[in-house]
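This structure is a prediction, so every number in the text was calculated from the model and none was measured.
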Amino acid sequence: SAMMHEYADLSKDIAIPLKAPARSKEKAESNSHVNVLGVGNLLTTIANCCMPVPHDDIVGYITKDRGVSVHRGDCKNILHLKDKEESRLIEVEWGEADVRNYPVNLSILANDRYGLLSDITRTLSDDKINVVAVNTMSDKKEQTARMSVTIEIRDLQQLTQIMERIARLINVIDVSRSTNGDTAPQ
């Protein structure tokens with residue numbers, strides 16, 4: 001049987017910094033995570049479909065009512081735009097990021113065994129990483145388990161470290177970042 005826990009609010013503007021910046025006593029002038037080239041402070045939102053993080057190649061899409069929606073350059077929604085909509089694309093780049101936690105979707109493939117989910121959640125708990133959603137499917141015939149886990153991390157360095165720790169667990173075959181559309185186990 002499959003257990004599904006939905007993360008209620010993945011629609012917040014997010015961007016994951018490479019490394020959490022040092023806390024400063026001075027207040028930053030702008031709280032924007034993305035800069036729209038050639039334009040000052042413009043409302044930007046991080047697209048939920050591809051969930052880009054700093055250092056991903058990104059492109060902006062001018063929406064009708066939500067400012068500029070920021071997508072990964074390889075986002076399916078951007079790659080399949082109709083010709084008339086391509087004129088709404090705009091060049092953007094990553095700006096400074098605040099110190100905070102960011103939701104990230106992980107996809108884990110493993111040879112199924114007793115205690116696998118427990119070992120994964122213990123690894124996350126040991127690193128004080130909050131788990132906000134889990135979806136696990138076991139394939140009895142293939143004796144594999146596919147898991148989609150949404151966690152909150154502070155930067156890409158922490159994400160890389162936790163993915164490496166999970167990958168070292170017994171029977172884990174693969175750990176990868178997935179997009180919002182890829183969270184359901186196959």
Original post:
Would one find more than 12 heavy atoms of other residues, nucleotides or ligands at under 6.0 Å from atom CD of Glu85?
Top reply: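 Yes.
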
Subject >> Leu79 atom CG, neighbour heavy-atom count above 12 within 6.0 Å >> reply: yes

Rounded to the nearest 0.5 Å, how far apart are [atom1] of [X] and [atom2] of [Y]?
X	Y	atom1	atom2	answer
Ser107	Asn135	OG	CG	10.0 Å
Thr136	Ile120	OG1	CD1	7.5 Å
Asn105	Ser176	CG	OG	10.5 Å
Cys75	Ile58	SG	CD1	12.5 Å

Original post:
Can Asp139 and Arg146 be said to form a side-chain contact (heavy atoms from CB on, under 4.5 Å), step by step?
Top reply: CA-CA 8 Å; Asp139 183 333; Arg146 291 185 180 274; over 6 Å; no

Nearest heavy-atom neighbours spanning [X] and [Y]:
X	Y	result
Val175	Met163	O-CE, 3.7 Å
Asp127	Gln158	O-NE2, 4.1 Å
Ile151	Val132	N-CG2, 4.4 Å
Leu81	Glu86	O-OE2, 3.9 Å
Leu116	Ile170	CD1-O, 4.2 Å

Close side-chain approach of [X] and [Y], heavy atoms under 4.5 Å:
X	Y	result
Arg168	Val172	no
Ile173	Asn111	yes
Ile108	Ile166	yes
Leu169	Thr123	yes
Thr144	Asp112	no
Tyr61	Asn77	no
Asp119	Arg113	yes

Original post:
Does Leu117 offer a backbone N or O that forms a donor-acceptor pair with the side chain of Thr121 under 3.5 Å?
Top reply: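 Flag set: sc Thr121 to bb Leu117 pair under 3.5 Å.
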
Subject >> Side chain Arg88, main chain Ile62, donor-acceptor under 3.5 Å >> reply: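 Checked: pair present.
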
Original post:
Val104 and Met147: same hydrophobic cluster, using ILVMFWY side-chain contacts below 4.5 Å?
Top reply: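 Yes, Val104 connects to Met147 through the hydrophobic network.
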
Original post:
Can you hop from Val131 to Ile153 via hydrophobic side chains spaced under 4.5 Å?
Top reply: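 Yes, because Val131 and Ile153 connect within a single hydrophobic cluster, where side-chain heavy atoms sit under 4.5 Å apart.
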
**OP:** Could you walk me through whether Cys49 and His71 pass the side-chain contact (heavy atoms from CB on, under 4.5 Å) test, one step at a time?
**Re:** CA-CA 8 Å; Cys49 53; His71 295 261; 3.4 Å; yes

Original post:
Run the side-chain contact (heavy atoms from CB on, under 4.5 Å) check on Asp57 and Asp74 step by step: do they pass?
Top reply: CA-CA 8 Å; Asp57 290 329; Asp74 61 355; over 6 Å; no

